[in-house]
J.: 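Sending over a structure as structure tokens; questions will come in a sec.
Fair warning: this is a prediction, and the values are worked out from it, not measured in the lab. First listed ligand is number 1; within each ligand, the first listed atom is number 1.
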Amino acid sequence: MKQAEFNFSYETYNNTEELPTTDSKLVEKAIDAAKNAYAPYSEFNVGAAVLLENDKIVMGNNQENAAYPSGLCAERVALFYANANYPDQRVKAIAIVALKDGEMVPSVVTPCGNCRQAMLETESRFEKPIRIIMGSQKGFWVVDKAQYLLPLSFTGDSL
Ligand code: THU
């Protein structure tokens, strides 16, 4: 038997002022997007902003449904919009935040498993890493690629 390991490091920032400018601009857009979320059931308003290769920013927010599984997370709304409308543009980064009662939530918003899988697909599609900026009232975590958030993942290479 051999023991294998998966390690990754991530950056932490205490506030938006500490973030690199491109990241903090993207966070601002994600906050704007969160304000337009349709989340009457959870009242957890998530916003995502995607930065494309051509420096265009595409936004998305969670869209809930009375039939719960029919809704979609902010990250996938933004990412699928980007992929649908700018299919030749590599995704450079995505910022994710959540608001409750109009305020950023206290815990860092980390994407769900389905969104991680969707980000990984986009990363593989363009063969370039996606920077992921995850926010909260207390600070930010940043990872350099989606792969880090989904070790031992299922990809097109597995087929
Ligand atoms: N949600 C997102 O949009 N993104 C996340 O990263 C976590 C969860 C949404 C799904 C649902 O509308 C609400 O937040 C509560 O789970």
J.: Can the ring centroids of Tyr10 and Tyr148 be said to lie less than 6.0 angstrom from one another?
T.: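 Between Tyr148 and Tyr10, which both carry aromatic rings, the centre distance is not below 6.0 Å.
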J.: Which residues end up grouped with Leu152 if you chain together Ile, Leu, Val, Met, Phe, Trp and Tyr wherever their side-chain heavy atoms are less than 4.5 Å apart?
T.: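 Leu152 shares its hydrophobic cluster with no other residue.
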J.: If you group Ile, Leu, Val, Met, Phe, Trp and Tyr whenever their side-chain heavy atoms sit less than 4.5 Å apart, what else falls in with Phe154?
T.: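 Its cluster mates, by chain and number, are Leu159.
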J.: Show me, by chain and number, every protein residue that has a heavy-atom distance under 4.0 Å to ligand 1.
T.: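 Residues within 4.0 Å of ligand 1: Ser42, Phe44, Val46, Asn62, Glu64, Cys73, Ala74, Glu75, Val109, Thr110, Pro111, Cys112.
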J.: Between Glu11 and Arg131, is the closest basic N to carboxylate O distance under 4.0 Å?
T.: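 Salt bridge: yes.
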J.: Could you tell me how the ring of Phe6 sits relative to the ring of Phe8: parallel (under 30°), tilted (30 to 60°) or perpendicular (over 60°)?
T.: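 The arrangement is tilted - the two ring planes meet at 30° to 60°.
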J.: Please enumerate all residues that pass side chain to side chain contact (heavy atoms under 4.5 Å, CB included) together with Ser153, with sequence neighbours excluded.
T.: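 Only Leu120, Leu150, Thr155 meet the side chain to side chain contact (heavy atoms under 4.5 Å, CB included) criterion with Ser153.
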